[in-house]
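Working notes, structure below.
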Amino acid sequence: MYKLFIRPLFFCFDPEKVHHFTFAFIKFISKIPGFSALFRMIYCVEDPRLEREVFGLKFKNPVGLAAGFDKEARLYKEFSNFGFGFIEIGTLTPKGQDGNPKKRIFRLISDEAIINRMGFNNGGVLEAVERLKSNTNVLIGGNIGKNKLTPNEDATSDYEICFEALFDYVDYFVVNVSSPNTPNLRALQDKEPLTQLLQTLQSKNLERANPKPILLKIAPDLTDDQLLDIIDIMAETKIAGLIATNTTLSREGLVSEAKMEAGGLSGKPLTKRSTEVIRFLSQKSNHAFPIIGVGGIHSAEDALEKLDAGASLIQLYTGFIYEGPALIKAINKAILKKMK
């Protein structure tokens with residue numbers, strides 16, 4: 001029904017407006033008695049064989065919602081009714097910011113892709129914290145970044161502020177230094193500043209009685225040498241894992257008119273590269289750390305490929321937009337089928 005009726009209607013309108021409309025509609029309909037239970041009945045696959053214990057956390061299934069979709073923790077409970085095993089909120093920054101000028105999301109329908117240049121638009125970390133205080137049973141990741149106007153030499157302070165504010169309300173953290181939509185942010189992926197940033201956060205983390213897993217989200221555009229540096233950084237800082245990958249700046253093979261819009265590309269064109277990065281990191285590190293695989297998952301087969309390449313968990317974003325919530329169920333059923 002989604003691909004036949006809902007998606008064609010949504011794709012007639014501006015992507016960002018559709019996003020806000022969809023959030024409002026899901027929030028409204030989920031308040032009607034019985035609808036949340038109906039969504040769970042249709043989309044959730046409950047089976048103990050789907051459970052995964054990764055970096056000390058128990059996930060009810062390995063399919064999560066990637067950061068960027070529910071940036072401000074407005075709909076994490078409702079999205080869990082669609083069958084996600086975990087929800088990653090953010091990217092959040094210390095201060096609220098509007099992000100980049102609109103229009104800033106572009107559908108590349110012929111390529112089954114999206115280009116976005118949102119720019120960490122959010123109301124600030126403290127607003128999200130207020131919404132997270134009512135969470136009872138949804139496993140939440142907190143994706144954190146720096147404000148646009150914060151120079152890179154002061155970036156660590158921004159990440160510390162978000163870390164401290166979110167600590168009691170998320171189950172794991174993700175350090176985002178790989179978005180292409182905040183000026184110079186990706187320079188923080190260089191070995192020296194990244195090591196310093198992660199060591200600072202890990203030191204603060206280990207001061208706590210109950211330290212939380214810290215993950216690093218990386219770009220798909222890193223060279224093999226840079227990926228080897230990432231493996232060294234993981235060993236040195238002893239953070240819990242990686243998310244591979246964020247959006248790409250590559251436009252190779254695209255046919256849609258909007259292909260030259262600035263921003264990060266997600267969706268089908270990223271499928272192969274993100275899987276290559278997962279496999280490289282997994283093999284070259286000798287499976288030293290867990291990896292969450294994300295990028296171009298539009299089918300159960302895409303998901304299984306990433307798991308086979310070395311991912312412990314996976315996340316959806318653009319595939320969720322193009323394929324709808326049935327994709328989550330299809331992936332979980334395919335995982336169970338493969339176990340037989």
Side-chain angles (χ1 to χ4, degrees), residues 1-32 35-36 38-45 61 63-71 74-85 87-88 102-118 121 247-248 251 253-259 261 263-272 274 294-306 314-334:
M1 185 173 111
Y2 175 82
K3 291 177 72 173
L4 283 176
F5 301 108
I6 298 174
R7 189 180 77 179
L9 177 62
F10 282 175
F11 279 20
C12 292
F13 300 96
D14 175 78
E16 192 164 353
K17 289 180 180 178
V18 168
H19 184 82
H20 292 307
F21 169 80
T22 303
F23 266 50
F25 178 74
I26 294 174
K27 176 70 77 174
F28 169 76
I29 200 169
S30 295
K31 290 180 179 178
I32 300 174
F35 270 87
S36 292
L38 179 63
F39 290 145
R40 289 194 295 270
M41 183 181 71
I42 294 172
Y43 296 116
C44 290
V45 180
N61 71 64
V63 186
L65 180 64
F69 208 91
D70 188 11
K71 286 175 178 283
R74 294 183 181 274
L75 218 63
Y76 58 91
K77 295 177 184 177
E78 290 81 358
F79 279 132
S80 71
N81 293 328
F82 290 124
F84 286 113
I87 309 290
E88 190 172 310
K102 299 175 182 179
K103 183 177 180 179
R104 52 193 182 181
I105 307 179
F106 305 86
R107 297 187 194 94
L108 284 67
I109 297 175
S110 299
D111 299 297
E112 296 183 77
I114 289 173
I115 291 174
N116 93 82
R117 51 173 181 260
M118 300 299 288
N121 59 307
T247 57
T248 181
R251 299 294 187 263
L254 299 182
V255 298
S256 302
E257 288 184 11
K259 64 183 179 181
E261 290 288 346
L265 174 75
S266 60
K268 263 294 182 184
L270 193 53
T271 306
K272 181 181 177 183
S274 61
V294 56
I297 300 175
H298 285 238
S299 68
E301 291 74 21
D302 294 335
L304 293 176
E305 283 180 4
K306 282 185 168 44
I314 58 164
Q315 291 177 325
L316 307 180
Y317 183 97
T318 304
F320 182 51
I321 294 170
Y322 274 85
E323 305 299 325
L327 176 60
I328 308 156
K329 183 175 184 178
I331 292 170
N332 280 320
K333 293 189 83 169

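All values below were derived from every heavy atom in this structure, side-chain atoms included, with hydrogens, water molecules and symmetry-related copies excluded.
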side-chain hydrogen bond (donor to acceptor under 3.5 Å, both in side chains): pairs with one or both residues in residues 13-28, sequence neighbours excluded: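 Checked against side-chain hydrogen bond (donor to acceptor under 3.5 Å, both in side chains) - neighbours excluded - the pairs reaching residues 13-28 are Glu16-Arg104, Lys27-Glu78.
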Atom [atom1] of [X] and atom [atom2] of [Y]: how far apart are they, to the nearest 0.5 Å?
{"X": "Ile314", "Y": "Glu305", "atom1": "CD1", "atom2": "CD", "value": "11.5 Å"}
{"X": "Ile109", "Y": "Ile114", "atom1": "CD1", "atom2": "CD1", "value": "9.5 Å"}
{"X": "Arg74", "Y": "Phe23", "atom1": "CZ", "atom2": "CZ", "value": "9.0 Å"}

Would Glu261 and Lys103 satisfy salt bridge (Lys or Arg N to Asp or Glu O under 4.0 Å), going step by step from the backbone distance to the final call? CA-CA 10 Å; Glu261 290 288 346; Lys103 183 177 180 179; over 6 Å; no
To check you understand the geometry: which heavy-atom pair defines the closest contact between [X] and [Y], and what is its length?
{"X": "Ala66", "Y": "Tyr317", "value": "CB-CB, 4.1 Å"}
{"X": "Arg251", "Y": "Gly263", "value": "NH2-O, 2.7 Å"}
{"X": "Leu108", "Y": "Ala258", "value": "CD1-CB, 4.1 Å"}
{"X": "Ser30", "Y": "Ser36", "value": "O-OG, 3.3 Å"}

Could you pull out all donor-acceptor pairs under 3.5 Å where a side-chain atom in residues 324-333 meets a protein atom, sequence neighbours excluded?
{"unit_1": "Lys329", "atom_1": "NZ", "unit_2": "Ile42", "atom_2": "O", "d": "2.9"}
{"unit_1": "Asn332", "atom_1": "ND2", "unit_2": "Ile328", "atom_2": "O", "d": "3.4"}

Side-chain donor-acceptor contacts of residues 2-10 below 3.5 Å, not counting sequence neighbours, with atom names and distances?
{"unit_1": "Tyr2", "atom_1": "OH", "unit_2": "Ile321", "atom_2": "O", "d": "2.4"}
{"unit_1": "Lys3", "atom_1": "NZ", "unit_2": "Glu323", "atom_2": "OE1", "d": "2.9"}
{"unit_1": "Arg7", "atom_1": "NH1", "unit_2": "Tyr322", "atom_2": "O", "d": "2.5"}

Does atom NZ of Lys272 have more than 12 heavy-atom neighbours from other groups under 6.0 Å away? no
Within a strict 4.5 Å, meaning less than it, do heavy atoms of the Leu265 and Thr247 side chains meet? no
Any side-chain heavy-atom pair from Glu88 and Leu65 closer than 4.5 angstrom? no
Using atom types as modelled and distance alone, determine if a side-chain donor or acceptor of [X] lies under 3.5 Å from a backbone N or O of [Y].
{"X": "Asp70", "Y": "Tyr76", "value": "yes"}
{"X": "Ser256", "Y": "Lys259", "value": "no"}
{"X": "Asp111", "Y": "Leu254", "value": "no"}
{"X": "Lys306", "Y": "Gln315", "value": "no"}
{"X": "Asn61", "Y": "Gly85", "value": "yes"}

Please evaluate residues Ile105 and Ile115 with respect to the criterion side-chain contact (heavy atoms from CB on, under 4.5 Å), reporting the C-alpha separation (whole Å), side-chain torsions for both, the decisive distance (0.1 Å), and the verdict. CA-CA 6 Å; Ile105 307 179; Ile115 291 174; over 6 Å; no
Begin from the C-alpha positions of Phe84 and Tyr43 and carry the test side-chain contact (heavy atoms from CB on, under 4.5 Å) through to its verdict. CA-CA 9 Å; Phe84 286 113; Tyr43 296 116; over 6 Å; no
Ring-ring centroid check Phe69 Phe79, cutoff 6.0 Å: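 Yes, ring centres under 6.0 Å apart.
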Begin with the C-alpha distance, continue with both residues' side-chain angles, and end with the deciding distance and a verdict on side-chain contact (heavy atoms from CB on, under 4.5 Å) for Phe39 and Cys44. CA-CA 8 Å; Phe39 290 145; Cys44 290; over 6 Å; no
